[in-house]
Every structure is written in structure tokens, then in C-alpha cells.
Amino acid sequence: MSRAEAALHPPHAPAAAAVAAKGLLRAHRWLLLRRTSQFAALALFLAGPLAGIWIVKGNLASSLTLEVLPLSDPYAVLQGLAAGHLMAASALTGAAIMAVFYAIAGGRAYCAWVCPVNVVTDTAAWLRRRLGLRPDISLPRATRQWLLGATLALAAATGAIVWEWVNPVSMLHRGLIFGFGLAWAVVLAVFVLDLLVSARAWCGHLCPMGAFYALLGSGALLRVSARSSSRCDDCLDCYRACPEPQVIQPALKGLASPVIGSAACTNCGRCIDVCSQDVFRFAIRFDQRRD
Amino acid sequence: MAARRQILQGMAGAAGCAALAGLGLGLYAQQTRALPVRALRPPGAQPEEKFLGACLRCGLCVRACPYKTLRLAELGDGVVSGTPWFTARRIPCEMCPDIPCVKACPSGALEPSLQDIDRARMGLAVIVDQENCLNYQGLRCDVCYRVCPLIGKAITLELRHNERTGKHAMFIPTVNSNHCTGCGKCERACVLEEAAIKVLPLKQAKGELGRHYRLGWKEKEKAGRALGPEALEFPIRRPEQR
Ligand code: SF4
Ligand code: SF4
Ligand code: SF4
């Protein structure tokens with residue numbers, strides 16, 4: 001690493017300044033809430049098979065809560081439709097409920113608050129930073145959109161939900177609840193890819209599921225706003241903590257809306273945590289205030 | 001200009017990466033589809049090709065099954081990962097009259113029109129080993145016949161002369177495809193180390209007549225009369241009498 005690069009990427013954790021300014025807890029508030037949400041979601045699914053408490057049955061592809069509420073993954077249902085199968089009413093209703101929820105709450109909130117792979121890839125990113133691994137292959141971020149198209153086209157061409165044969169997201173979730181088989185190898189592959197081959201490769205560049213939810217949430221109401229951008233002291237901590245750093249600049253440094261408009265933003269709130277100046281906050285999409 | 005070129009290059013790169021991944025996935029799919037179907041599916045399951053486009057891999061059917069018959073395939077099981085299946089020799093289907101697995105299915109991969117469990121076709125039982133089936137040796141095991149929920153219909157015992165002893169009968173277990181649901185209770189119960197009767201997916205258990213093929217006597221029955229002249233007169237060809 002050259003000296004200039006070292007200056008640009010100081011080895012300290014992106015939250016260090018925030019911890020000093022706001023305390024450990026406030027500097028990790030959204031991160032902790034997010035981990036709680038992820039594990040709670042998983043715990044609800046696991047309570048049945050492990051403890052016999054059947055609140056939620058099934059998995060993220062499709063589930064039944066308290067024997068009445070059907071919820072389905074709209075992306076999985078869409079692939080079934082593309083494959084030429086008219087899904088039954090329960091799956092369609094479940095997918096519609098989920099679609100409306102994420103269209104409002106920010107599509108990729110699924111990625112940050114529910115998806116179990118996020119824990120894997122966040123760990124890889126954290127380790128990557130700790131080990132100071134810099135050089136890597138950089139993949140184009142738009143690959144995921146093309147892959148999304150490819151999975152739907154393949155379903156249409158083969159009449160089968162082909163993506164499900166390799167999808168690490170459903171494999172991890174299903175594996176935890178119904179048994180892994182060799183699926184752990186697929187999850188390990190994602191971890192190694194993110195750690196050693198290319199930073200944030202999976203969630204940030206490849207996952208078609210993330211691309212789908214981004215599309216779904218492209219008009220989302222709940223967003224992050226850089227309302228107090230005037231306080232920004234250019235420490236770059238938010239860029240280093242953000243899994244999709246390209247989304248921050250227009251809101252933070254641009255003259256237009258302070259709201260992060262890009263659908264790639266996962267509403268993870270990590271920028272809010274790590275900013276020692278409290279520049280960011282959650283807001284609604286139309287909130288144009290800056291102070 | 002440079003910016004536009006960069007954008008175009010980026011797009012080409014992304015499309016290239018996706019095309020590569022898509023191609024790999026397509027090839028993998030093709031390869032997997034070429035393998036013979038091994039799995040016994042839950043009652044009411046659509047035919048395999050359709051099932052793979054319909055099932056969401058949610059496992060709600062698995063949860064609904066009171067006997068823990070059904071499982072979701074894990075990677076390495078040799079069945080498309082995440083889809084429900086069962087192994088007859090381990091836990092067969094108990095043929096619940098209210099078919100909870102079908103009711104639980106949110107996608108319709110398990111056909112909701114299946115109301116009568118006796119009409120389920122999860123597979124078809126086949127005596128795969130006549131050399132070891134005890135009844136074929138002239139003994140009276142009959143276990144598969146006795147456990148069959150459709151006893152006397154799905155499995156019947158057909159009498160045959162026992163050539164070995166010369167004076168006894170053999171009771172040959174015979175599966176009738178118009179009644180067998182493929183529940184697997186016979187395979188589960190077979191007393192041999194390795195079952196002599198096995199439930200196979202329909203595709204493997206059954207042959208198929210050429211589509212152009214017509215059986216004269218059935219056509220005759222359908223039409224109510226012979227379609228051609230009743231008996232053709234053939235010239236008798238005998239070697240010339242000298
Ligand atoms: S009919 Fe009953 S025993 Fe058979 S698979 Fe369905 S739920 Fe299980
Ligand atoms: S309930 Fe239906 S969609 Fe879910 S795993 Fe079973 S067959 Fe597939
Ligand atoms: S699988 Fe065996 S037990 Fe079940 S209906 Fe068929 S013959 Fe009877």
C-alpha cells in the first residue's frame with residue numbers, strides 16, 4: 001500500500017471516530033438493531049423445528065405465520081410465473097403482501113434486515129478490513145441486474161425455477177431450518193469470494209435477489225437522508241462503512257435532494273452509526289430539508 | 001465522451017459476467033435435468049418437469065405431514081435441492097384421507113384438485129426382484145399384499161402352478177397400476193434385506209405404447225364392431241405334395 005493510499009484508507013475501523021464522539025452504543029445502534037432483526041427472523045423460523053413453538057412455518061421462499069398469514073418471496077413467485085406456472089392464490093397473496101411492504105420500506109431493506117447471507121458477507125467485509133486486504137478483481141455492479149434478467153429468462157426457457165438450484169440465499173436459510181446437506185459449501189464459496197476475490201462481490205455486485213428487491217423498492221418511502229450535510233468534516237467514514245458507497249455522494253455532496261435516492265441503498269443505517277457528526281438520519285423520500 | 005465510453009464498457013462487462021454465469025447455470029440445469037428422476041414426490045405433485053417450475057421449496061408440505069414422511073432435498077441427495085420427496089423404505093406415505101400436505105402447498109405444485117388420496121400417483125410399486133421375492137419361491141410371505149392400504153386392488157395375489165414341487169400353488173404378488181398410489185408401504189414392509197418390491201417414479205416404472213399403436217381388440221370394443229374384415233383368408237402354403 002502506498003503512503004497516499006494509506007492516508008486515504010487509515011487502518012482504523014470506520015466507526016472509531018463515532019465511538020469517540022457518541023459512545024460505543026450509539027455508534028453501533030442500527031447495526032445492533034439490524035442483527036437483532038436478522039436473528040429474530042431466523043429464530044421465528046427455527047422455534048418450530050427446534051422447540052416445537054410453531055409461530056412461523058416454512059422458509060423465506062414461502063411461509064405461514066400463526067396458521068393464517070401467508071408470506072412469499074415475490075422474486076421466487078415471479079420466477080415460477082416466468083416458468084409458466086400460474087401460482088396458487090396463497091403464494092400470490094403472500095408475494096403481494098411482501099411486495100407492498102418492501103416497496104414502502106425500501107426494497108433492499110430485505111438485504112440488510114432479513115437476509116441471512118448478509119451476516120456472512122458483512123463478516124467477510126469486516127475481516128477483509130481487519131486483515132487489510134486491498135487488491136482485488138473489481139466486478140461491475142450492474143452484473144446483478146443482468147443476472148436477474150438471466151434468471152427470469154432461464155426460467156422461461158426451461159420451465160423450471162433454475163436459479164433455485166444454486167441460489168445461496170435460499171440454500172442458507174433452508175439449510176438452517178431444514179438441513180444443509182452440502183449447501184454449506186455454496187455459502188462458504190460466497191464467503192471466500194467476498195473475502196479473497198472481490199470486496200462485497202456477492203451482495204454488492206452479483207446477487208440477482210438483491211437486484212430484484214432494489215427494483216421493487218426504487219420508489220421506497222423510507223430512505224436515508226444526509227440532512228445535516230453541512231456538518232460533514234470529510235472523514236470518509238460513511239463511504240468506508242457503506243456496502244454501496246457509490247450511493248452516498250449525490251446526497252451528501254450534491255446540490256439536489258439530501259435523500260439517498262439510489263435503490264441500491266439497503267437502508268442498513270450504518271452511515272448513520274459511523275458518522276461522528278450525525279449527518280445522516282432516516283427520513284421519508286420527499287423530505288428535502290437540509291440544515 | 002470518456003464518461004460515456006466508461007459507462008458502455010461497464011455495461012458490457014456486467015453483461016459479460018452475467019452471460020457467463022447464466023451460461024454456467026443453464027448448462028448445470030441441462031445436466032441435472034438429463035438425470036433420471038429418482039424422487040418420489042408428495043401426493044398430487046405435478047409431473048416432474050412442471051413441478052420444478054412450480055414448487056417454491058418452502059417446505060410447508062413437509063411441516064404438514066404428521067408422519068415426517070416428506071423431506072426437503074438437501075444438496076447432495078441427488079434430488080433437485082430444496083424440493084420435497086420421500087424414501088419409501090424409510091418412511092412411506094400413510095395416505096391421510098384429508099391430505100394435509102396438499103392443503104398446505106401455497107404454490108399449487110401439489111395439485112389442489114386431488115381430493116381423494118386413493119387417486120394419488122406418487123409412483124408405482126414394481127416387483128423388481130422375482131428371484132428373491134419369497135412368494136415367487138412358493139412361500140407364503142404376502143407381507144406387501146397385507147400392508148397395502150388398497151389390499152386386493154393395488155396388489156392382488158395371482159395363482160400359478162408351482163413347477164418345483166409339482167403339487168402346490170404360488171401366490172404371485174401383482175401390482176395393478178390403475179389402483180396403486182405409490183405410497184410405499186409395501187416397499188417399507190418387505191421382509192428381505194433389500195426390498196424385492198420397490199416404488200419407482202412413474203416415468204421409470206411404466207413403459208409407453210407407441211402413440212400410433214392400436215390394439216385391435218380394444219378398438220373393436222370401442223367401435224362396437226370389427227374395424228376390418230372379421231377373419232382374413234390367408235392362402236395356405238404347404239410344400240408341394242410329391
Ligand atoms: S398424505 Fe399424509 S402421510 Fe402422505 S405425504 Fe401427505 S401428509 Fe404425509
Ligand atoms: S408446499 Fe408446495 S411449494 Fe412448498 S415445498 Fe411443498 S410442494 Fe413445494
Ligand atoms: S405402493 Fe404398495 S402398498 Fe402402496 S398402494 Fe401401491 S401396492 Fe399398495
Side-chain angles (χ1 to χ4, degrees), chain A residues 48-49 54 57-64 70 72-73 76-77 79-80 82-91 94 139-151 153-155 157-166 170-171 174-175 177-183 185-186 205-206, chain B residues 7 9-33 46 48-64 70-84 102-112:
Chain A
W54 293 102
K57 281 180 190 162
N59 58 39
L60 284 174
S62 194
S63 64
L64 189 65
S72 296
D73 171 17
V77 169
Q79 288 175 81
H85 173 69
L86 181 59
M87 290 279 160
S90 171
L139 296 163
R141 286 211 181 251
T143 309
R144 47 189 164 183
Q145 275 103 335
W146 291 91
L147 259 178
L148 170 61
T151 57
L154 269 174
T158 59
I161 306 181
V162 172
W163 175 242
E164 275 312 304
W165 300 6
V166 292
S170 51
M171 273 191 195
R174 200 166 56 228
I177 297 166
F178 287 91
F180 265 108
L182 298 175
V186 178
H205 301 78
L206 296 176
Chain B
I7 290 174
Q9 273 173 357
M11 257 175 73
C17 288
L20 218 63
L23 190 68
L25 187 59
L27 287 176
Y28 175 60
Q30 202 47 46
Q31 163 69 22
T32 313
R33 279 155 73 92
Q46 310 246 7
E48 189 68 11
E49 322 82 63
K50 283 201 181 157
F51 187 77
L52 293 180
C55 173
L56 292 168
R57 287 91 162 139
C58 67
L60 283 171
C61 54
V62 172
R63 295 299 185 225
L70 302 177
R71 284 187 289 173
L72 287 189
E74 295 168 9
L75 203 62
D77 278 344
V79 175
V80 173
S81 142
T83 55
V102 172
K103 286 207 184 108
C105 177
S107 69
L110 307 183
E111 195 51 75

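Nothing here was measured: the structure is a model prediction, and the numbers come from that model.
Of the atoms belonging to Leu64(A), heavy atoms from both backbone and side chain fall under 4.5 Å from chain B. Ala109(B) touches chain A through its backbone: at least one of N, CA, C or O sits under 4.5 Å from a heavy atom, while the side chain does not. Proximity to chain B is absent for every atom of Leu60(A), based on heavy atoms less than 4.5 angstrom apart. For chain A, no part of Cys61(B) is nearby; none of its heavy atoms comes within less than 4.5 Å. For Ala76(A), the parts lying near chain B are the backbone and the side chain together; criterion is any non-hydrogen pair under 4.5 Å. Contacts between Phe180(A) and chain B at a heavy-atom distance below 4.5 Å involve the backbone alone (N, CA, C, O). For a residue to count as touching a neighbouring chain, one of its non-hydrogen atoms must lie under 4.5 Å from one of that chain's; by this rule Val186(A) touches chain B with the side chain only. Only the side chain of Trp54(A) comes within less than 4.5 Å of a heavy atom in chain B; its backbone stays farther off.
The two atoms that bring Ala91(A) and Leu56(B) nearest to each other are CB-CD1, 4.0 Å, heavy atoms only. Ala88(A) and Gly108(B) make their closest contact through CB-N, 3.7 Å (heavy atoms, listed as atom of the first residue, atom of the second, distance).
Taking chain B as the reference chain and counting heavy-atom pairs below 4.5 Å, the highest number among Glu164(A), Arg144(A), His205(A), Gln79(A) is found for Glu164(A). Contact tally against chain A (heavy-atom pairs below 4.5 Å) for Gly76(B), Pro112(B), Ser107(B): the top residue is Ser107(B). Ranked by non-hydrogen atom pairs under 4.5 Å with chain B, the options Pro49(A), Gly149(A), Gly94(A) are led by Pro49(A). Ranked by heavy-atom pairs under 4.5 Å with chain B, the first of Gly179(A), Ala183(A), Ala153(A), Ser63(A) is Gly179(A).
Side chain of Asn59(A) to main chain of Arg57(B): a donor-acceptor pair is present (N/O by atom type, distance under 3.5 Å, no hydrogens or angles).
Within the model, atoms CZ of Phe178(A) and CZ of Arg71(B) stand 13.0 Å from one another, a figure rounded to the nearest 0.5 Å. Atoms SG and NZ, from Cys58(B) and Lys57(A) in turn, are 11.5 Å apart once rounded to the nearest 0.5 Å.
Side-chain contact between Ser81(B) and Met171(A): present, with at least one pair of heavy atoms (C-beta onward) separated by less than 4.5 Å. Ser62(A) places a side-chain heavy atom less than 4.5 Å from the side chain of Pro106(B).
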